[in-house]
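Here is the structure we will look at, set down as structure tokens.
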Amino acid sequence: MLDSVAVSRSGPVAQVHDFKSGNEAAALAARDIGFHVMGYFPITPSTEVAETLSKMHADGEHEIVMIPADGEHGAAGICYGAALGGGRVLNATSSQGLLYSLEQLPVQSGTRVPMVLNVSTRTVSGPLDIRCDHSDIYFVLNAGWIILMARDPQAAYDMNFCAVRIGEHPDVRLPVIVAYDGFLTSHQKRRIDRFDDPEAVKAFLGEREDPYSALDPDRPVTFGPYMNDPDLINNKVQQHHAMEDARRVIPEVFAEFAKLSGRDYRTVDAYRMDDAEAALVLLNTAAENAKGVADKMREQGHKVGVVSPNVLRPFPTDEIRRLLKNVRAIVVGDRGDSYGAEGGNLSLEVRAALQQDPDNRTLVMSRVYGLGGKDFYDADAEEFFHEALTAAETGKVEVPFEYHGAYAGDDAAGPPPGLPAIKSEEVSRGMAKVTKNAETDRLEVELKPLWEMTTTPSRVAPGHGACPGCGFFPMLRQAYNVLEGNVVVLFQTGCAMVTTTGYPKTAHRITYIHNLFQNGAATLSGLVEMYHERIRRGEIPGAPEGEDTTFIMVTGDGGMDIGMGAALGTAHRNHKMIILEYDNQGYMNTGSQLSYATPFGHRTSTSEVGSADSGKRFHHKDTPQIFAACNLPYVFTASEGYPEDFMRKVSKAQWYAQREGMVYGKVLSFCPLNWRTSDDAAQEVLQTAIDSCFFPLYEVEKGHTHLTYDPDAIGRRRSVADWLGQMGKTKHILAEEHADQLELTEKEVDKRWRRLKVKHEHPEL
Ligand SMILES: Cc1ncc(C[n+]2csc(CCOP(=O)(O)OP(=O)(O)O)c2C)c(N)n1
Ligand code: SF4
Ligand SMILES: [Mg+2]
């Protein structure tokens, strides 16, 4: 959608005023550049780049092939592979996502394969914090990628064009990061000018020319052969030369871009530095704040200025030295620490740059500020300026390095009081009796009536931050009703996690651990083994069989995308624990992006519906069957809407997890917000998902499949269309023009159901 407000001729080519956030600006740049492929995985605050492009794609505004990865590591792999094919490639990520792809980044730079990665900078875990600092981008300083900084949405737009040209330059051939501040730039809208002259843009970008392509059968190439001493160092020196050449190429490209756009970027942005005696060195938005403060201080007669690199790699050492030559004292602000190095990376590199000049006498102070999104106000900049001015006047630095804005807590206050821990006896009420049927070798469960369960206290306190009608809490409550004894839970990142904890509060009355959703299963398996080993060594008390602590990992369906590797590893090692997946059919906590469990054709914020697209393009992942193939003692599916069936299965799960090994259970969990239904529609929607056989209820016990609900057998089978018609996210599939989509869904559902029935009926399956 070209929602332009006015046409300007501010630069040499036609441009249009627009009002966009940094993420939207990056997406617009991607559209205007016309990348071939985007591999991505959602993470706040960069998700909007893929979301905006998904909407534009659905509306037929561009033809970038958008590939939703199973995690950022996968996204980086997709991008690398695509870039080896010679076309233009794009990605966007932040924080943990950048770190999760970190391992791939040197592979790409080391084999000299250009692409563009937008990084909306965000704090690195832990603890988890979604707001801005530069701790993520500091991690990639050694990855061999060029790093351009974008201080506002306009720069986010512009730098993407420059990134393509710089990275693809024959003397450089390196991948390029464009980094802008999370939320501060990614989400704040500003006026931007964007190009309105596709031919001029095309001429500026030129064609990508690769010396080699993985798609040229006439010239087969071996990419990345195994290489040891003495070749590796010779390879790396070439990478170093490429970075050195980039020092020349970057200003050339910036100059060309200035001719195209009228916007003139320098390698280092210098503000009122001509006669500055004291200065701040800061990155991105903080530098912009400091400029306003510098103006005020100038009015008061202080000779101050601001230095802010637009390029972090290659680090602009010469320019920094030149700009600071006559400056008597500076404060370098780092939005990220290099713990133990007495300065964040920017400080360390500025110090190193100055050290190369034997005549330089600039006094340097390092300050770590603004971590985890802590605001950087004018008053903070002013304090920094005064520190620099004092050092300039006295010729002395009193405090070379410190944290700015941190303060000590009140030791006497102690941790905030929460609800008292719940005792095992309080929750062990014998609501489910599990016995083994010697004849069938299956477990049988006798449940107390539901009304009796209402008196069982819950291991999670009432009151939570979830949306009204959210299915997760009834599900957890049902599970806790029948679980006996001590339970330790690990929640992977997702709605269940963010709605039950938030420092300094927790709703959990039992031990709760969070790890990011790529590694929860591995983490819990480590704890399980430590538990058994410490009992074996007599360090902690053991328990008779069946009374051991039960370890449960609670995950969303998204956690079973990115965390599948760790979960499968845990399954194959068969640790005594339960993985309980609440499947709400998307990455809901981050704003309803598609997960692999999202059904075919469903609308999400990364599988949009429009004139060109109609929802998710591939069928939902059959996670229970994947775990069944791991030969676990017990696998089940359940629904929040069938409490007795679910609770029986949870009791069996606990029995197996205490005695035999890992259990996996998938529970269909209602999400009114993103399924686009009313808050009270759970019963009908879930029931129809089951009756239409989209979500069959079954268990795989010791390798044998048993349906626990057969709508055919009791005459309750309904059509898939009945189910799709109940949710706003799927109504489009029922339109006449999507008849083929409906048919494909029906066929897939029916095929899976029939296979399951065959397994149910077969004594060996
Ligand atoms: C490595 C990494 N990538 C991405 C994210 C962002 N993220 C956090 S939770 C989440 C979605 C979780 O989806 P799911 O497991 O289905 O749980 P739900 O939010 O639906 O409850 C995403 C994408 C992250 N925290 N870390
Ligand atoms: S977005 Fe969905 S899953 Fe998340 S809290 Fe709201 S209803 Fe629950
Ligand atoms: Mg989910």
Side-chain angles (χ1 to χ4, degrees), residues 40-48 50-51 68-76 91-103 120 122-130 136 182 464-476 491-500 514-521 553-567 579-599 602 604-606 620-621 623 640 666-682 685 727 729:
Y40 69 94
F41 188 80
I43 182 163
T44 309
S46 59
T47 313
E48 221 183 354
E51 288 178 333
D70 53 337
E72 290 85 354
H73 194 242
N91 189 359
T93 192
S94 301
S95 178
Q96 239 48 34
L98 185 60
L99 264 63
Y100 197 40
S101 45
L102 188 59
E103 177 269 339
S120 173
R122 162 184 154 183
T123 315
V124 159
S125 268
L128 189 145
D129 177 323
I130 60 166
D136 54 0
H464 54 71
C467 315
C470 176
F472 173 71
F473 287 88
M475 182 202 102
L476 189 64
F491 278 38
Q492 300 206 114
T493 324
C495 277
M497 172 250 170
V498 298
T499 56
T500 55
H514 164 249
N515 197 2
L516 294 140
F517 64 158
Q518 56 272 36
N519 220 10
M553 180 178 97
V554 174
T555 176
D557 46 305
M560 289 295 99
D561 288 342
I562 190 170
M564 192 46 128
I579 294 183
L580 191 59
E581 174 191 328
Y582 62 99
D583 178 1
N584 52 22
Q585 304 186 333
Y587 305 155
M588 299 321 191
N589 148 70
T590 39
S592 184
Q593 297 83 31
L594 73 82
S595 80
Y596 286 12
T598 304
H602 289 217
T604 70
S605 63
T606 47
H620 63 288
K621 182 174 182 172
T623 321
E640 163 221 331
K666 185 199 247 305
V667 188
L668 186 61
S669 181
F670 184 55
C671 175
L673 182 71
N674 297 316
W675 293 7
R676 306 191 188 193
T677 67
S678 62
D679 299 346
D680 57 359
V685 176
M727 296 175 285
K729 68 166 178 162

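Both counts, for ligands and for their atoms, begin at 1 and track the order of listing.
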Any sub-3.5 Å donor-acceptor pair from Thr604's side-chain atoms to Leu594's backbone N or O?
-> yes
Passing option when Thr555 is tested against Glu581, Gln492, Lys666 for side chain to side chain donor-acceptor pair (under 3.5 Å) | Gln492
Check for a donor-acceptor pair, side chain of Gln585 on one end and backbone N or O of Pro599 on the other, with a separation under 3.5 Å.
-> no
Evaluate the ring planes of Tyr100 and His73, with Trp represented by its six-membered ring, and classify them as parallel (under 30°), tilted (30 to 60°) or perpendicular (over 60°).
-> tilted
Ser94 and Pro45 have their tightest heavy-atom pair at OG-CD, 3.3 Å
Protein heavy-atom partner closest to atom 1 (S) of ligand 2 - residue, atom, separation in Å | Asn674 ND2, 3.6 Å
2.8 Å cut-off (strict), protein N, O or S atoms about the Mg ion (ligand 3) | 3
No-hydrogen, no-angle side-chain donor-acceptor test under 3.5 Å, Gln593 and Thr606 = no
Hey, what do you get for CG (Asp129) to OG1 (Thr44), rounding to the nearest 0.5 Å?
-> 11.5 Å
State the count of protein N/O/S atoms located less than 2.8 Å away from atom 8 (Fe) of ligand 2.
-> 1
Pairwise side-chain contact, Asn674 with Asn584, heavy-atom cut-off 4.5 Å (strictly under) = no
Go through the structure and list residues passing ring pair (Phe, Tyr, Trp, His ring centres under 6.0 Å) with Tyr587, not counting sequence neighbours.
-> Phe41
Hey, does the side chain of Ser592 reach the backbone of Met588 with a donor-acceptor pair shorter than 3.5 angstrom?
-> no
Backbone of Phe473 reached by a side-chain donor or acceptor of Tyr582 within 3.5 Å | no
Check each N or O atom of ligand 1 against all protein N or O atoms and list the pairs under 3.5 Å, with atom names and distances to 0.1 Å, one per line.
residue: ligand 1; atom: 3 (N); partner: Glu72; partner atom: OE1; Å: 3.2
residue: ligand 1; atom: 3 (N); partner: Glu72; partner atom: OE2; Å: 2.6
residue: ligand 1; atom: 15 (O); partner: Gly558; partner atom: N; Å: 3.1
residue: ligand 1; atom: 15 (O); partner: Gly559; partner atom: N; Å: 2.9
residue: ligand 1; atom: 16 (O); partner: Asp557; partner atom: N; Å: 3.3
residue: ligand 1; atom: 16 (O); partner: Asp557; partner atom: OD1; Å: 3.0
residue: ligand 1; atom: 16 (O); partner: Gly558; partner atom: N; Å: 2.7
residue: ligand 1; atom: 16 (O); partner: Gly586; partner atom: O; Å: 3.0
residue: ligand 1; atom: 19 (O); partner: Cys495; partner atom: N; Å: 3.3
residue: ligand 1; atom: 19 (O); partner: Met588; partner atom: N; Å: 3.3
residue: ligand 1; atom: 19 (O); partner: Asn589; partner atom: N; Å: 2.8
residue: ligand 1; atom: 20 (O); partner: Asn584; partner atom: OD1; Å: 3.1
residue: ligand 1; atom: 20 (O); partner: Asn584; partner atom: ND2; Å: 3.1
residue: ligand 1; atom: 20 (O); partner: Gly586; partner atom: O; Å: 2.8
residue: ligand 1; atom: 20 (O); partner: Met588; partner atom: N; Å: 3.0
residue: ligand 1; atom: 21 (O); partner: Cys495; partner atom: N; Å: 2.9
residue: ligand 1; atom: 21 (O); partner: Tyr582; partner atom: OH; Å: 2.7
residue: ligand 1; atom: 21 (O); partner: Asn584; partner atom: ND2; Å: 3.4

CZ of Arg122 to CD1 of Ile130: how many Å apart, nearest 0.5 Å?
-> 6.5 Å
Taking NZ, NE, NH1 and NH2 as the nitrogens, is one of them in Asp557 or Lys621 under 4.0 Å from a carboxylate oxygen of the other?
-> no
